[in-house]
Amino acid sequence: MAERLAFAVLTLRTGEPVPDAVTDLWKQERAERLDLAGLPAADVDQLLDRALPGQVDGLTRRRMTEAAAGNPLALRELVHGGLSGGALRTRYGVWRLDPGFKPRTQVTELVAQRLVRLDAQTRVVVELVAEGSRCRCPRSNGSPTPPRSAPPRTAASSW
């Protein structure tokens, strides 16, 4: 059986400790490091416009932009959380966020909530990729075998 390695994109948060395995990848020139800045407010506005059909209130835009701090995943989860909790809704044709809405501040909390719903097989794959570990990808009929389930897609996840 031929060994196949998965292509992976590893992400690290600014200010967090870098695992030794990731540092070794850079030192051995087996991975390229690319530092990314957060999205500017204009790009956050464009994402909000695509995610929410219609006009978005200026205060809502500002609150979402500040809470996401340029992080597209955090912005997506803020929109999803606001929609699913009913705090983000249209009033007179304009999207508004309730003043009492308290966004979660840690992206790790947002991701952890999603990971809890994964089946055991999928979770193992996600954890291996997150750790930067080598894993063998089983193959069948020349195509990769996907995990049994994947996180469900939501309306807000299409962007």
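Values below: every heavy atom of this structure, side chains too, minus hydrogens, waters and symmetry copies.
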Novice: As a test of understanding, state which of L78, L97, D57, D98 forms a side-chain contact (heavy atoms from CB on, under 4.5 Å) with L88.
Specialist: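 The passing option is L97.
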Novice: Just wondering, do D24 and V22 contact through their side chains at under 4.5 Å, heavy atoms?
Specialist: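 They are not in side-chain contact.
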Novice: Would you find a donor on one side and an acceptor on the other, under 3.5 Å apart, between the side chain of R50 and the backbone of L47?
Specialist: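 Between the backbone of L47 and the side chain of R50 there is no qualifying donor-acceptor contact (under 3.5 Å).
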Novice: For atom CD of E29, decide whether the heavy atoms of other residues, nucleotides or ligands shown that lie under 6.0 angstrom number more than 12.
Specialist: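 Not more than 12 within 6.0 Å, no.
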Novice: To the nearest 0.5 Å, tell me how far D49 CG sits from Q55 CD.
Specialist: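 Going from the CG atom of D49 to the CD atom of Q55 covers 9.5 Å.
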Novice: Identify the two heavy atoms, one from P72 and one from G70, that lie closest to each other, and give their separation to 0.1 Å.
Specialist: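 Shortest heavy-atom contact: CD-O, 3.3 Å.
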Novice: Might you point out which heavy atoms bring R63 and F101 nearest each other, and give the distance in Å?
Specialist: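 Reported closest heavy-atom pair: NH2-O, 3.0 Å.
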Novice: Would you confirm whether W95, through its side chain, and T60, through its main-chain N or O, come within 3.5 Å as a donor-acceptor pair?
Specialist: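 Between the backbone of T60 and the side chain of W95 there is no qualifying donor-acceptor contact (under 3.5 Å).
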Novice: Minimum heavy-atom separation for R91 to R96, with atom names?
Specialist: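 Heavy-atom minimum between the residues: O-NH1, 2.8 Å.
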Novice: Okay, side chain of T65, backbone of R61: is any donor-acceptor separation there less than 3.5 Å?
Specialist: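 Judged by distance alone, yes, a pair lies under 3.5 Å.
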Novice: So which heavy atom on L75 is nearest to which on M64, and how close?
Specialist: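 Heavy-atom minimum between the residues: CD1-CB, 4.0 Å.
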Novice: Are side-chain heavy atoms of N71 and L39 found at a separation under 4.5 Å?
Specialist: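 N71 vs L39: side chains apart.
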Novice: Could you verify whether a donor N or O on one side chain and an acceptor N or O on the other, from T23 and D20, lie under 3.5 Å apart?
Specialist: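 No.
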